[in-house]
Structure formats: C-alpha cells, structure tokens
2 protein chains.
Amino acid sequence: MEPVSPNTEDEIVEANDLDHLGKMIREARQQKGWTLEEAGKAAGIGRSTLSKIENNQTRPSFDIVRRLTKALDLKTPQLFVQSGPSDISGRRDVTMSGQGEPQDTPTYSHELLCTELTSKRMFPYISTIKARDVSEFESWIRHRGEEFMYVISGEVTLFTEHYRPLALKAGDSVYYDSGMGHGCISTSEEDAKVLWVSLE
Amino acid sequence: MEPVSPNTEDEIVEANDLDHLGKMIREARQQKGWTLEEAGKAAGIGRSTLSKIENNQTRPSFDIVRRLTKALDLKTPQLFVQSGPSDISGRRDVTMSGQGEPQDTPTYSHELLCTELTSKRMFPYISTIKARDVSEFESWIRHRGEEFMYVISGEVTLFTEHYRPLALKAGDSVYYDSGMGHGCISTSEEDAKVLWVSLE
DNA sequence: TGGAAAAGTTTCTTATAGGAAACACGGTCT
DNA sequence: AGACCGTGTTTCCTATAAGAAACTTTTCCA
C-alpha cells in the first residue's frame with residue numbers, strides 16, 4: 001500500500017518491528033507478575049535467555065517463542081504484527097441497526113452486517129431466532145472455521161457436538177469450532193436476537 | 001466464572017512436534033506453486049534454509065518464520081498448533097455476561113471474552129466507554145488486522161482516519177481496517193457498551 | 001532413451017542463539 | 001553501615017541456525 005497518511009506514526013510501527021516482540025513478552029510477563037525466573041521456568045527456558053529476548057538482544061527461535069506464548073497466554077497473531085497492506089486497507093463499512101442485508105435460510109433468518117466490504121475475513125450477522133421453535137432443529141450445522149456468538153436479547157440454547165446443551169441469556173457469549181456440529185434455538189417467550197461472527 | 005464450567009481445559013501437553021511447522025510451510029508453498037528458490041526469495045531467505053525448515057532439520061528463528069508467514073500468507077495461529085489441524089478443533093468456550101476477563105489499559109476498560117481458548121483467531125471483547133469522556137482521545141489506536149464493532153448500548157462516535165467521525169447507537173455496527181488509526185468515545189449521558197471482535 | 005536444466009538436499013563455514021554462572025543493582029533485615 | 005537476599009543483566013562457551021556452494025534428484029524435451 002502506498003503511504004496514504006502523512007502521519008509519522010506509521011514509521012514508528014515499522015521501526016519497532018523488531019522491538020515489538022520483546023516488548024510484548026515483557027508486558028505479558030509483568031502482567032502476570034512473574035519474574036524472569038518464574039516465567040522462564042513456566043516456558044522451559046533460562047532466565048538469561050528471556051532477559052535477552054525481552055531486551056531484543058537476540059532473535060529467538062520460533063520454538064522458544066511458541067513456548068513463551070503458551071506460558072504467558074500471549075495472543076499469537078499480535079506477535080506477527082509487521083508492516084504491510086491488508087486487503088481491506090484503509091476502509092470501513094457501516095451498517096445501521098436493522099439495515100443489514102436480509103438472508104433467509106430454511107432454518108434461520110439472518111441479517112448480514114457490513115456487506116459492502118466483500119474482502120473482509122470475518123462475517124458478522126444478526127439472527128433472530130423465533131421463540132420456542134424447536135421444530136427445525138434436526139441436523140447439525142457444520143462449516144470449517146471458528147465462530148463467536150453473542151446473545152443480544154432473549155434466551156437461547158446452544159447445542160454443540162461433544163458438549164452438553166448450553167443455556168444462554170443476553171450478554172453471554174461463546175466461541176467454538178464451527179466444524180463441530182452446532183445449532184441454536186430460542187427458549188424464551190420472545191424471539192431471541194443473536195450476533196454471530198464467523199471466520200473461515 | 002460461573003459455578004458450572006463447560007469451558008475447555010488446556011491439558012494438551014505437546015510432545016515436541018516440530019513436524020507440524022515444516023509440513024505446513026511446505027504445503028503453503030506448494031499451494032502457491034512456488035519453488036524453494038521463489039519462496040525463499042519472497043521471504044528473503046535462502047533456499048537451503050527453507051529446505052531444512054520444511055524437512056524439520058532445523059529450528060528456525062521466529063524472525064524467519066514470521067517472514068515466511070508473510071510471504072506465504074500463512075494463518076499465524078495455526079503455526080502454534082501442537083497437533084491436529086486446529087487447536088480449537090471440536091471445542092468451545094463460554095463466557096457468561098459480565099464474567100469476562102478484565103483488562104484495563106490507560107485508555108479503555110475491556111472485558112475479554114472466551115479467553116480460555118488461547119489459540120482462537122478472533123478476539124472478542126466488550127468495552128465500557130465512559131460517558132462523554134473525550135479527554136483520552138489523543139492518538140490513534142493502530143494494530144494490523146481487521147475489526148468488527150457492534151454497539152450494545154449507549155451512543156458512541158467512532159473516529160477513523162480517512163473518514164468523517166461516525167455517530168453510532170445501539171444496534172449499529174462497523175467493520176474496518178484496524179491498521180487505520182481509530183478511536184471511540186461515548187456521546188451519551190450513560191456509559192456506552194461496545195462489542196469488538198478483532199482479527200489479526 | 002540421453003543429457004541439460006531445474007528443483008531439492010546435503011555439506012561446510014560463520015555467526016549467533018541459548019544456558020550456566022558471574023556480575024550488578026536494589027531492597028531489607030539486624 | 002554491612003550482609004543477605006531477590007531480580008535482572010552480562011559474560012562466556014557450546015550447540016546450532018542460516019546461507020553459499022557442492023551435490024543429488026527430478027523434470028522435460030530433443
């Protein structure tokens with residue numbers, strides 16, 4: 001991407017590319033209130049090594065970093081932050097309440113959000129699930145990827161393979177492997193509204 | 001968390017499987033129809049090095065792996081997978097309303113959702129934005145990736161680079177390139193609640 | 001078939017990652 | 001103050017990553 005912005009903060013991001021890793025790891029460790037010794041032990045590495053990594057005095061191996069991410073619960077994608085274009089570079093897409101693109105399937109009635117941005121990777125949509133309509137629930141829904149679900153209103157029960165049915169009410173959320181069979185029904189008097197964000 | 005924990009338990013202890021990384025990289029390269037030479041050049045590494053990585057004859061540095069992920073468009077979280085195609089394969093993670101993991105930054109007060117599943121690719125969280133608190137808004141927030149935002153309650157204004165400020169109320173949503181500078185303030189009398197889903 | 005060019009693998013060498021131990025620094029006891 | 005932690009840094013050494021070039025295998029066309 002061409003440098004759209006005259007803002008100098010862009011370069012800061014790039015320049016810090018190298019420093020980024022050490023900084024993140026140090027922050028994560030301190031967040032947990034761990035010493036170098038403790039964190040090192042948790043990750044199975046020496047404290048001197050960890051010190052050098054945090055101070056960017058070394059280029060750790062992937063293996064070491066992976067162990068650290070595990071021990072420190074680091075968000076892995078953030079570690080890969082580096083300069084470069086995104087396919088939706090510099091764009092945004094708004095959908096006002098109720099203005100999404102309707103999509104009705106036999107089983108659900110969806111409202112697709114932010115459909116202008118076709119190249120986006122996540123797919124957000126809101127589903128209205130009819131009250132106590134159990135009839136439809138015959139077979140699992142299954143599609144490769146991951147899914148996040150947030151209950152906006154009403155009460156629903158989420159069924160997933162390998163697990164017990166899960167009763168959810170407004171404000172509750174679930175994250176699951178959508179390759180696992182799943183399905184959702186309303187269990188309240190009113191229709192339930194659920195926000196899904198799907199990622200292939 | 002709630003009394004009953006249907007959550008995942010991370011007890012998968014890996015048996016030093018380096019096979020995974022090399023295999024994934026080789027697949028990604030062949031997917032693109034590239035030779036070692038071409039892929040190496042794209043990533044800025046030698047073809048011999050790449051060969052050794054693909055055959056798991058070496059433990060590459062994080063730096064090298066990162067360059068490869070970029071050149072080959074690899075899904076970064078998958079690289080951290082221990083065994084099997086996906087770490088969250090056949091799993092789910094629930095967070096009941098208000099039971100997320102608090103994370104306070106200087107600028108925002110977040111509630112991270114579904115944090116048990118550390119290897120997930122999307123990061124959902126709820127932010128409470130204090131009413132009419134404009135003071136904090138000094139510099140853009142910027143992080144590589146994409147972001148989806150849904151206003152749960154209250155009224156907010158989303159600022160993004162290259163665009164005009166955007167007034168949003170409950171039920172509205174936006175999808176944007178989070179590499180673009182952005183920031184959000186509340187414009188209502190009450191605190192606003194916003195759901196974000198972030199993807200690197 | 002051959003034999004050349006391309007793709008991939010294996011040396012070989014140099015630079016450096018990673019760990020043990022020594023060092024430095026700051027607190028906190030008596 | 002001095003001695004003694006606990007924490008983080010630096011030094012030193014060994015193991016090994018990374019690249020260049022030599023070597024092997026595969027591809028492909030006359």
Side-chain angles (χ1 to χ4, degrees), chain A residues 14-74 76-84, chain B residues 13-74 76-83:
Chain A
E14 290 207 26
N16 285 355
D17 239 21
L18 254 175
D19 306 344
H20 187 67
L21 182 68
K23 205 172 142 202
M24 286 210 64
I25 289 175
R26 168 146 292 184
E27 272 166 16
R29 176 175 65 83
Q30 289 174 337
Q31 190 77 21
K32 285 201 175 275
W34 283 355
T35 66
L36 288 171
E37 183 80 40
E38 290 166 328
K41 201 179 148 204
I45 67 174
R47 73 169 183 282
S48 59
T49 305
L50 186 47
S51 169
K52 278 181 273 190
I53 291 170
E54 291 187 352
N55 293 301
N56 300 301
Q57 290 172 9
T58 190
R59 309 256 170 102
S61 72
F62 179 73
D63 193 42
I64 293 284
V65 174
R66 185 217 255 159
R67 281 191 251 170
L68 281 169
T69 61
K70 206 160 184 195
L72 299 173
D73 289 329
L74 273 168
T76 56
Q78 263 78 324
L79 298 178
F80 285 85
V81 167
Q82 51 188 330
S83 47
Chain B
V13 182
E14 84 274 30
N16 242 342
D17 62 320
L18 288 167
D19 304 354
H20 190 67
L21 182 67
K23 204 172 145 202
M24 286 209 66
I25 289 175
R26 168 146 292 183
E27 272 166 17
R29 176 174 65 84
Q30 289 174 337
Q31 190 76 22
K32 288 202 175 267
W34 283 354
T35 67
L36 288 171
E37 184 79 42
E38 289 166 329
K41 201 176 147 206
I45 68 174
R47 74 170 183 281
S48 59
T49 303
L50 186 48
S51 168
K52 279 181 275 191
I53 291 169
E54 291 187 353
N55 292 301
N56 301 301
Q57 289 172 9
T58 190
R59 310 221 174 151
S61 72
F62 179 73
D63 193 42
I64 294 284
V65 175
R66 186 217 252 158
R67 280 190 251 169
L68 282 168
T69 62
K70 193 178 178 189
L72 299 172
D73 289 328
L74 274 168
T76 57
Q78 292 178 0
L79 297 178
F80 288 85
V81 166
Q82 316 300 337
S83 51

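Below, all heavy atoms of this structure are taken into account, side chains as well, without hydrogens, waters or symmetry copies. Note on naming: letters A, B, ... go to the chains in the order of the sequence lines (proteins, then strands), and numbering restarts at 1 for each one.
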Any pair with a residue in residues 27-36 of chain B that passes salt bridge (charged side-chain N to carboxylate O under 4.0 Å, His left out), sequence neighbours left out, goes on the list, sorted by first then second residue, please. Arg29(B)-Glu54(B), Lys32(B)-Asp73(B)
Of all nucleotides in DNA chain C with an atom under 4.0 Å from a non-hydrogen atom of chain A, which is the first and which the last going 5' to 3'? dA17(C) to dA22(C)
Measuring from atom OG1 of Thr35(A) to atom CD of Gln30(A), what distance do you get when rounded to the nearest 0.5 angstrom? 11.0 Å
Measure CD/Glu37(A) against C1'/dC5(D) and give the value in whole Å, please. 14 Å
According to side-chain contact (heavy atoms from CB on, under 4.5 Å), who are the partners of Ser61(A), at least two apart in sequence or on a separate chain? Asp63(A), Ile64(A)
Using side chain to side chain donor-acceptor pair (under 3.5 Å) as the criterion, list what pairs up with Lys41(B), not counting sequence neighbours. none
Can you give me the closest heavy-atom contact between Pro60(B) and Leu21(B), atom names plus distance? CG-CD2, 3.8 Å
So how far is it from Asn55(A) CG to Ile25(A) CD1, rounded to the nearest 0.5 Å? 11.0 Å
For Leu50(B) against Gly40(B), the heavy-atom pair lying closest together: CD2-N, 3.8 Å
Name all residues meeting the side chain to side chain donor-acceptor pair (under 3.5 Å) criterion together with Glu37(A); count only those two or more places apart in sequence or in a different chain, and write none if there are none. Arg47(A)
Can you build the contact string for nucleotides 14-29 of chain D? Use B for base contact, S for sugar-phosphate-only contact, and - for no protein heavy atom under 4.0 Å. ---SBBBBB-------
To the nearest angstrom, the CD-P distance between Glu54(A) and dG8(D) comes to 8 Å
